[in-house]
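This one's a predicted model, so the numbers in the text were calculated from it and none came from an experiment. Note that these values count all heavy atoms, side chains included, but never hydrogens, waters or copies made by symmetry. Index from 1, following the sequence.
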Amino acid sequence: MKFALVTGSSRGIGKAIAIKLGSMGYNILLNYQSNESEAMLTKQEIEEMGREVTLLKFDVADKQQIDEVLGSWLEKNPDGELEILVNNAGIRDDVFMIWMTDEQWKKVIDTNLNSFFFVTKAVLDGMITRKYGRIINIVSLSALRGLPGQVNYSASKAGIIGATKVLAQEVGRRGITVNAIAPGFIRTDMTSELNEKELKNTIPVQRFGTAEEVAELAAFLASEKASYISGQTISINGGLY
């Protein structure tokens, strides 16, 4: 029983990745925080492929919830081989730093960066024991070039890039790869308020990307074919730098 855990997978990029991994034969641990109706729809779509889907409702920023929900699943399923972790869950709360509140800083850092530590730590021991694993961290173009109004968001995602490089060195000898994917403008709920018509003129390929395109890249990094790729941050942004 091989499993993949995708955080924030009820919709958007996380949903597309969960569906793609399901099509590759993985049973899915589908994490969500609040949107249960969307989570159920995603669950149904993956189950129609013949895969097993387990809904895990927890806040990735809350270590206690992670220990209770994810920790409980791991304890009750000792034979379940959790081979893939996709740290996808994330939020934005954009404002220029001069007006940014302590809470806006803390919430984004907790949800985007601290969650990487809490969730990865929970599953890492099993991967090390089995001497196999694929950890894929979804970061952002903002981590590489920075965008005004995103000091908190850019800092959180850039922090994950640094952690990706180091963790890859720590666990490589155990057959575990650790990589990051940095999407540019992808058509999801998170970018729905952006002016796509205006922004696409700044992108060399002249369009926003799709969640399914990001999922294809994640699927490759999750595969045996990517066993010599680790510690990398791979951009998928239509040539926007």
Side-chain angles (χ1 to χ4, degrees), residues 6-17 33-35 59-61 86-120 135-168 178-218 221 231-241:
V6 185
T7 66
S9 50
S10 64
R11 56 186 179 173
I13 290 174
K15 175 178 181 176
I17 293 175
Q33 181 181 355
S34 58
N35 199 331
D59 180 356
V60 295
V86 182
N87 286 304
N88 167 75
I91 61 169
R92 285 173 37 220
D93 194 348
D94 297 353
V95 64
F96 281 8
M97 184 172 176
I98 193 170
W99 296 303
M100 186 176 293
T101 65
D102 293 353
E103 179 58 27
Q104 286 175 305
W105 170 266
K106 184 177 185 302
K107 185 176 181 180
V108 172
I109 295 296
D110 283 347
T111 303
N112 296 358
L113 179 57
N114 291 343
S115 64
F116 157 81
F117 176 77
F118 296 144
V119 177
T120 304
I135 299 172
I136 301 166
N137 302 313
I138 306 301
V139 290
S140 172
L141 172 68
S142 297
L144 301 173
R145 62 174 283 185
L147 293 173
Q150 292 191 339
V151 168
N152 50 3
Y153 186 73
S154 294
S156 67
K157 295 297 188 177
I160 296 175
I161 289 176
T164 295
K165 293 177 181 179
V166 177
L167 184 58
V178 189
N179 291 290
I181 295 175
F185 291 112
I186 306 298
R187 194 178 294 116
T188 65
D189 291 346
M190 187 177 280
T191 59
S192 61
E193 79 279 9
L194 301 178
N195 187 332
E196 182 175 347
K197 184 176 181 180
E198 180 180 312
L199 286 170
K200 72 179 184 180
N201 293 323
T202 68
I203 304 169
V205 302
Q206 294 285 287
R207 66 174 178 86
F208 276 23
T210 68
E212 288 72 24
E213 288 172 312
V214 180
E216 290 290 340
L217 175 55
L221 292 176
Q232 304 305 306
T233 300
I234 302 174
S235 295
I236 177 166
N237 59 26
L240 178 62
Y241 289 98

In T164, N179, N88, the residue satisfying side-chain hydrogen bond (donor to acceptor under 3.5 Å, both in side chains) with N137 is T164

How close do A211 and G12 get, heavy atom to heavy atom, and via which atoms? CB-O, 3.8 Å

Roughly how far apart are K106 NZ and N152 CG, rounded to 0.5 Å? 13.0 Å

Restricting to non-hydrogen atoms, name the atom on F118 and the atom on V60 that form the minimum distance, rounded to 0.1 Å. CD1-O, 4.1 Å

Would you check if L217 and I136 make a side-chain contact, meaning some heavy-atom pair closer than 4.5 Å? no

Determine whether L221 and I234 make a side-chain contact, defined as any pair of heavy atoms from C-beta on separated by less than 4.5 Å. yes

Minimal heavy-atom distance between S154 and G146, with the atoms involved, is OG-CA, 3.9 Å

Got a second to check how far E103's CD is from D93's CG, nearest 0.5 Å? 9.0 Å

Non-hydrogen side-chain atoms of N87 and S115 separated by less than 4.5 Å: no

Check: A89 main-chain N/O paired with T7 side-chain donor or acceptor under 3.5 Å: yes

Of all heavy-atom pairs between K157 and S140, which one has the smallest distance, and what is that distance? CG-CB, 4.1 Å

Please step through side-chain contact (heavy atoms from CB on, under 4.5 Å) for the pair D94 and L147, ending with a clear verdict. CA-CA 10 Å; D94 297 353; L147 293 173; over 6 Å; no

Do L240 and R145 make a side-chain contact, defined as non-hydrogen atoms from C-beta onward lying under 4.5 Å apart? yes

In Å and rounded to the nearest 0.5 Å, what is the NZ to CZ distance from K200 to R207? 11.0 Å

Are side-chain heavy atoms of F208 and I203 found at a separation under 4.5 Å? yes

Answer yes or no: is there a side-chain heavy-atom contact under 4.5 Å between I17 and I138? yes

S142 and Q150, any side-chain heavy atoms less than 4.5 Å apart: yes

Rounding to 0.5 Å, atoms CG (L141) and CZ (F185) come to a distance of 6.5 Å

CG/N201: more than 12 non-hydrogen atoms of other groups inside 6.0 Å: yes

Nearest heavy-atom contact between N112 and S156 is ND2-OG, 3.2 Å

Taking all non-hydrogen atoms of both residues into account, name the closest pair between G231 and K165 and its distance. O-CG, 3.7 Å

Hey, what do you get for OH (Y153) to CG (L113), rounding to the nearest 0.5 Å? 12.5 Å

Polar side-chain atom of S235 near backbone of N237 as donor-acceptor pair, under 3.5 Å: no

Determine whether a donor-acceptor pair (N or O, by modelled atom type, separation under 3.5 Å) exists between the side chain of T111 and the backbone of A61. no

